[in-house]
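Here's the structure, in structure tokens; my notes come after.
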2 protein chains.
Amino acid sequence: MNQSLRIVLIEDDDIIRMGYQSLLNEVEDFNVVNSYASYDLARKHLEADQPDVILLDIQMPGTNGLQALPIIKKALPNTNIIILTVFDSPELVFEALTMGAGGYLTKNSSAAKIIDAVREVSTGGGAMSTNVARIVMHSFQKNLNSPLTKRETEILDRIANGQTKSQIASDLFIDQETVRSHVKNIYIKLDVNSKADAIKTAKEKRFI
Amino acid sequence: MNQSLRIVLIEDDDIIRMGYQSLLNEVEDFNVVNSYASYDLARKHLEADQPDVILLDIQMPGTNGLQALPIIKKALPNTNIIILTVFDSPELVFEALTMGAGGYLTKNSSAAKIIDAVREVSTGGGAMSTNVARIVMHSFQKNLNSPLTKRETEILDRIANGQTKSQIASDLFIDQETVRSHVKNIYIKLDVNSKADAIKTAKEKRFI
DNA sequence: AATGCTATCCCCCAGAAAGGGGGATATTTT
DNA sequence: AAAATATCCCCCTTTCTGGGGGATAGCATT
């Protein structure tokens, strides 16, 4: 027999919550076991609900969705959580993803996308709407017009990982003085004069 | 009038290439201006083709897709490139995204997904198939069971960004000795005895 | 052929930082 | 009440940093 997917909604807008509830309950193997207007209201029931997937709004009274996220994840490690919100600022997206969200959908997502997303995250997958994908992908892109050479980039990367010049030298089979020369050139190119500033500038400009 | 989207395919398998070509040409405002069996063959024509979007395979004779990616991006900065491949290892995905890919689709993607993706990246957006989204999202997730306290995490994060103990101390309005105490505890918890190892271990275990 | 860029190595120096010890104390959390 | 956390203090030596001054060989582009 095919076990149905247990879903919980946490969303403060009554109309929207009910809308999602009926939408998801129409799907054959979906079962919205409960829905709540806030995390604070949901908290003591979640364990009993045993949800496979939670659709979680960010903005709500009391504990907000991002605050609730890690708490839920710890209490129910096998539950996959989809953030469903109107907000799509990079800060919120990254915060949600680092805190363990399995999906991030904005509320303009179509019914089909939401249903797909629930199914996808239930198997441990990832789901995001296109505007979120845009943010995430841009966060990966390096600056292809870095003034730093390959060697300099290599060395700055190692510095950013905490290696000292002597460690770098022995790893790269070159002299410490060579590393020092490269670092000097890096500092000139980035117009900085300390490790911290070099890392900061290089990260900001996406050279590393 | 509505300008049509100029598309170029670079894919070594003749059958697949032709399949995508007819698929995409069926879309009203899509125009596959050219298709090539390799980047080396495409190279001297790309500027004239003026593609808005390129669908790029990774595996092909000569210069492969990932090597070609930054070259194309530099020559045609306004062209958005979608990687279309059978491979979906994290290494390849991250490499492609850092090199400026606007999308990463695996070849099991449906026709509709591919069409959507082309449209999405043409406006500077991001597109990825669900298995790629899974990889990308997992790369963000922090370990929620870090042994480090908030303060320790804060400090280790700053160390990883190249700050010295004295800089951290003044930023956090605490004494250098306090920072030192935290660092000592961090080292004990992570079972390391140097900055580099602490950063390395913490990153591996996703504590920062 | 010449220029420039890159990667490699060498020396001086003073001051800063790191890491290993040994503690103490107050607040918070459990 | 006990444990964890955050704060601060002292000792010490070794290492690292950043600023200054170079040199040389290879490679690419012009």
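So you know, we letter chains A, B, ... as the sequences are listed, proteins then strands, and number each from 1.
- The aromatic rings of A:F140 and B:F140 sit perpendicular, their planes meeting at an angle over 60°, well past the 30° parallel limit.
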Tabulate atom names and distances for all N/O pairs under 3.5 angstrom spanning the protein and nucleotides 21-30 of chain D.
from	atom 1	to	atom 2	distance (Å)
D:dG21	O6	A:K184	NZ	3.2

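- Heavy atoms of B:T178 sit under 4.0 angstrom from at least one base atom.
- Atom NZ of B:K189 has more than 12 heavy atoms from other residues, nucleotides or ligands within 6.0 Å.
- The CD-P distance, from A:Q163 to D:dT17, rounds to 11 Å in whole Å.
- When side chains are defined from C-beta on, A:L92 counts as touching A:L66, because their heavy atoms get closer than 4.5 Å.
- The separation between A:I159 atom CD1 and D:dT15 atom P is 19 Å, rounded to whole Å.
- The nearest whole Å value for the distance from the CG atom in A:N185 to the C1' atom in C:dC9 is 13 Å.
- No more than 12 heavy atoms of other residues, nucleotides or ligands lie within 6.0 Å of CD in B:E47, so this atom counts as exposed by the packing criterion.
- Residue B:H182 places at least one side-chain N or O under 4.0 Å from the OP1 or OP2 atom of D:dT7.
- The nearest whole Å value for the distance from the NZ atom in B:K165 to the C1' atom in C:dG19 is 8 Å.
- Distance CD (A:Q167) to C1' (D:dT15): 11 Å, rounded to an integer number of Å.
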Practice task
May I have the step-by-step check of salt bridge (Lys or Arg N to Asp or Glu O under 4.0 Å) for A:K150 and A:E154, ending in yes or no?
Solution key: CA-CA 6 Å; A:K150 245 188 187 166; A:E154 164 81 26; over 6 Å; no
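- Atom CG of B:L156 sits about 4.5 Å away from atom CD1 of B:I208, to the nearest 0.5 Å.
- The 12-atom threshold is not exceeded at NZ of B:K200, counting heavy atoms of other residues, nucleotides or ligands nearer than 6.0 Å.
- If you measure from atom CD1 of B:I168 to atom P of C:dA16, you get 17 Å, rounded to the nearest angstrom.
- Inter-residue side-chain proximity for B:L9 and B:L24 is flagged as met; some heavy-atom pair is nearer than 4.5 Å.
- Among residue pairs with one or both ends in residues 30-51 of chain A, those qualifying as ring-ring contact (aromatic ring centres under 6.0 Å, His included) are A:Y36-A:H45; sequence neighbours excluded.
- Atom CD1 of B:I174 is separated from atom C1' of D:dC9 by 14 Å (rounded to the nearest Å).
- Between the two ends of the helix from C:dA1-D:dT30 to C:dT30-D:dA1, each summarised by a five-pair axis, the helix axis turns through 80° (rounded to 10 degrees).
- For B:Q67, the CD atom sits in a packed shell: over 12 heavy atoms of surrounding residues, nucleotides or ligands are nearer than 6.0 Å.
- Look at B:S166 and you'll find a side-chain N or O under 4.0 angstrom from OP1 or OP2 of C:dA17.
- Taking the side chain as every heavy atom from C-beta outward, A:D29 and A:R119 approach each other to under 4.5 Å.
- Between the P atom of D:dT7 and the CG atom of B:L172 lies a distance of 8 Å, rounded to the nearest Å.
- Near DNA chain D, meaning a heavy atom under 4.0 Å away, there are no residues from residues 143-158 of chain A.
- Every residue meeting the side chain to side chain donor-acceptor pair (under 3.5 Å) condition with A:D14, not counting sequence neighbours, appears here in chain and number order: A:R17.
- A heavy atom closer than 4.0 Å to some atom of DNA chain D occurs in A:N193, A:S194, A:K195, these being the qualifying members of residues 191-203 of chain A.
- For A:K205, the NZ atom is loosely surrounded, since the number of other residues' heavy atoms within 6.0 Å does not exceed 12.
- Side-chain atoms of A:L148 and A:L190, non-hydrogen and from C-beta on, do get closer than 4.5 Å to each other.
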